[in-house]
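All remarks here apply to the structure that follows.
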Amino acid sequence: MRSITTVFLTVALLLGAAASPCSAEKPTRDSASSGSVGIRLVDAPPAGRTDPRGLIYIIDHLPPGGVIHRQVQVMNTSPTAQHVVLYADSASLGAGQFSFGTTPNELTSWISFQRSSLDLSPDSNATVMTTIQVPARASQGERYAVIWAEVSAPPGAQGNIGVVNRVGVRVYLDVGPGGDPPSDFQIENLAAARAANGQPQVLAQVRNTGKRALDMSGSLTLTNGPASTSAGPFPATDGTTLGPGDSAPVTAALDRQLSNGPWTATFTLYGGLVQHTANATLTFPVAPGTTSPVRVSLDRSAGSALNWPTILEVAGLILLSVAIWLLFDLKRRRAAPG
């Protein structure tokens, strides 16, 4: 990045649905001097890839020597014209976090843009083709990066402070022969906790047992509480990303007025198309802190989001197609001369 004496850096990684291009992990709206910029992925996931994250991130698997093209739309949402720079920076996974850096890595050297800069008038947008070209001798494994759209304002006459505003789209690229490696995870245990502000929480320790990174989401429901009460569902806190083999807690924050329990906690988590549900009996501590982890019982019927209703729908469509074909064939036979 360009060097200035002091930089206030505001960053947002695009997380909203494709229909909401300005949704962000931490929405930023700077002053008109620095402007505001948005970015979203335009292309639908390639045929055969049904991971819902493919609507907002570039997620793909390529063999060595493979190439993909994706379009991103860059938006100037400010009332003034903006000069927007496009570039790729490195990213890494660790401690359950998707972290971005400021230096290139192997993947960033494979990413190129149809145009690396744009001059956008107020409240306008432009679409740019992004190409990822994997070298023929690339090694096997998953790599991470961020495609950034950035606007900046230099230090003003009254001081030495510059402002940078950038938003980005994540890139998860796996390289190797054959098809996409499998994805899966395991919920190892649940623990009850109370934050310093008194809010009760449930922590699910999750391990990525597959070969692709997973962005975790889900919800928690409490049943069989005092006086047979129930509570929830409470959404899991966004932002936990697990690399292959990594383990980290996924947290659900609950109502502060919730009684201590005991409760039957049912935590359902999703990682892409994979779904698992774990159950455990938990009692929240009175003071801030975390209880000892509790072993869970797993719902073995919830191994995939592609469940029986989906399978039955597909089977019904096949049977309907066969019935229509037989009906037309019968009409054709009756109309044929005897």
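Counting begins at 1 with the first residue of the sequence.
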(message) Suppose the criterion is ring pair (Phe, Tyr, Trp, His ring centres under 6.0 Å): which pairs have a residue in residues 171-223, not counting sequence neighbours?
(response) Tyr57-Tyr172, Phe98-Tyr172, Tyr144-Tyr172, Phe185-His276
(request) First locate atom CG of Leu107, then atom CD1 of Ile58, and finally report the distance between them rounded to the nearest 0.5 Å. (result) 9.5 Å
(request) Mind checking the CD1-OG1 spacing from Ile187 to Thr268? Nearest 0.5 Å is all I need. (result) 7.5 Å
(message) I'd like to know if the side chain of Glu142 reaches the main chain of Ala213, judged simply by a donor and an acceptor atom lying under 3.5 Å from each other, with no hydrogens or angles considered.
(response) yes
(request) Name all residues meeting the side-chain contact (heavy atoms from CB on, under 4.5 Å) criterion together with Ser183; count only those two or more places apart in sequence or in a different chain, and write none if there are none. (result) Arg212, Leu214, Val274
(request) Locate the shortest heavy-atom distance separating Ile111 from Ala88; write the atom from each residue and the value. (result) CD1-CB, 3.9 Å
(message) Are Arg295 and Asn189 packed together at the side-chain level, in the sense that at least one heavy-atom pair is separated by less than 4.5 angstrom?
(response) no
Below 3.5 Å, can you tabulate the donor-acceptor pairs from side chains in residues 244-260 to any protein atom, sequence neighbours excluded?
from, atom 1, to, atom 2, distance (Å)
Asp246, OD2, Gly243, N, 3.2
Ser247, OG, Gln205, NE2, 2.8
Ser247, OG, Val206, O, 3.3
Asp255, OD1, Gln257, N, 2.9
Asn260, OD1, Arg194, NH2, 2.8

(message) Going by ring pair (Phe, Tyr, Trp, His ring centres under 6.0 Å), name the pairs with one or both residues in residues 213-235, residues two or more places apart or in two chains.
(response) none
(message) Taking ring pair (Phe, Tyr, Trp, His ring centres under 6.0 Å) as the cut-off, I'd like each qualifying pair that reaches into residues 190-222, sequence neighbours left out, listed once.
(response) none
(request) Kindly determine whether Val74 and Val37 satisfy side chain to side chain contact (heavy atoms under 4.5 Å, CB included), including the steps that lead there. (result) CA-CA 7 Å; Val74 182; Val37 62; 3.9 Å; yes
(request) Supply the atom-to-atom distance Leu86 CG to Trp148 CH2, rounded to the nearest 0.5 angstrom. (result) 12.5 Å
(request) Kindly give the heavy-atom pair with the smallest separation between Ser36 and Asn165, and that separation in Å. (result) CA-ND2, 3.3 Å
(request) Return the minimal non-hydrogen interatomic distance between Pro64 and Ala138, and the atom names on each side. (result) CG-O, 3.8 Å
(message) As a quick check of understanding, evaluate side chain to side chain contact (heavy atoms under 4.5 Å, CB included) for Trp263 and Thr229, giving each step before the final call.
(response) CA-CA 9 Å; Trp263 297 91; Thr229 53; 3.3 Å; yes
(message) Between Asn76 (side chain only) and Leu120 (backbone N and O only), is there a donor and an acceptor less than 3.5 Å apart?
(response) yes
(request) Tell me, please, which residues at least two apart from Asn224 pass side chain to side chain donor-acceptor pair (under 3.5 Å). (result) Thr264
(message) Is it the case that the side chain of His83 and the backbone of Ser117 share a donor-acceptor pair, with hydrogens and angles ignored and the cut-off at 3.5 Å?
(response) no
(message) Restricting to side-chain contact (heavy atoms from CB on, under 4.5 Å), what partner residues turn up for Pro233, sequence neighbours left out?
(response) Ser219, Thr221
(message) Going by side chain to side chain donor-acceptor pair (under 3.5 Å), name the residues that satisfy it together with Thr266, two or more places apart in sequence or in a different chain.
(response) Asn279
(message) Give me each pair satisfying ring pair (Phe, Tyr, Trp, His ring centres under 6.0 Å) with a member in residues 207-228, each pair once, sequence neighbours excluded.
(response) none
(request) Starting at CD1 of Ile59, measure out to CD1 of Ile56 and round the result to the nearest 0.5 Å. (result) 7.5 Å
(message) If you compare all heavy atoms of Val296 against all heavy atoms of Glu188, which two are closest, and at what distance to 0.1 Å?
(response) CG2-O, 4.1 Å
(message) I'd like to know if the side chain of Thr291 reaches the main chain of Ala192, judged simply by a donor and an acceptor atom lying under 3.5 Å from each other, with no hydrogens or angles considered.
(response) yes
(message) Return the OG to CG distance between Ser217 and Leu269, rounded to the nearest 0.5 Å.
(response) 7.5 Å
(request) Determine whether Phe113 and Val72 make a side-chain contact, defined as any pair of heavy atoms from C-beta on separated by less than 4.5 Å. (result) no
(request) Compare every heavy atom of Asn208 with every heavy atom of Asp184, then report the nearest pair and how far apart it is. (result) O-OD1, 3.1 Å
(request) Following the transitive rule for hydrophobic clusters with a side-chain heavy-atom cut-off under 4.5 Å over Ile, Leu, Val, Met, Phe, Trp and Tyr, establish whether Leu298 and Met216 coincide in one cluster. (result) yes
(request) Can you run down the salt bridge (Lys or Arg N to Asp or Glu O under 4.0 Å) pairs that involve residues 215-232, sequence neighbours left out, and say none if there aren't any? (result) Arg53-Asp215, Arg170-Asp215
(message) Within the 4.5 Å heavy-atom criterion, are Arg166 and Asp89 side-chain neighbours or not?
(response) yes
(request) Identify whether Met129 and Val85 are in the same connected component of the hydrophobic contact network (ILVMFWY, side-chain heavy atoms under 4.5 Å). (result) no
(request) State whether Arg70 and Asp60 are salt-bridged, where the test is any N-O pair (Lys NZ or Arg NE/NH1/NH2 against Asp/Glu carboxylate O) under 4.0 Å. (result) yes
(request) Provide the closest heavy-atom pair for Gly178 versus His61 in the form atom of the first, atom of the second, distance. (result) O-NE2, 2.9 Å
(message) Is any side-chain heavy atom of Arg40 closer than 4.5 Å to one of Met75?
(response) yes
(message) Measuring from atom CD1 of Ile39 to atom CD1 of Ile147, what distance do you get when rounded to the nearest 0.5 angstrom?
(response) 6.5 Å
(request) Report the residues that fulfil side-chain contact (heavy atoms from CB on, under 4.5 Å) with Ala193, sequence neighbours left out, ordered by chain and then residue number. (result) Gln201, Leu203, Thr290
(message) Test: side-chain hydrogen bond (donor to acceptor under 3.5 Å, both in side chains). Region: residues 125-141. Which pairs qualify, not counting sequence neighbours?
(response) His69-Thr131, Gln73-Asn125, Ser139-Arg143
(message) Working note: Leu282 + Phe267, criterion side chain to side chain contact (heavy atoms under 4.5 Å, CB included); need CA distance, chi angles, decisive distance, verdict.
(response) CA-CA 12 Å; Leu282 300 176; Phe267 215 146; over 6 Å; no
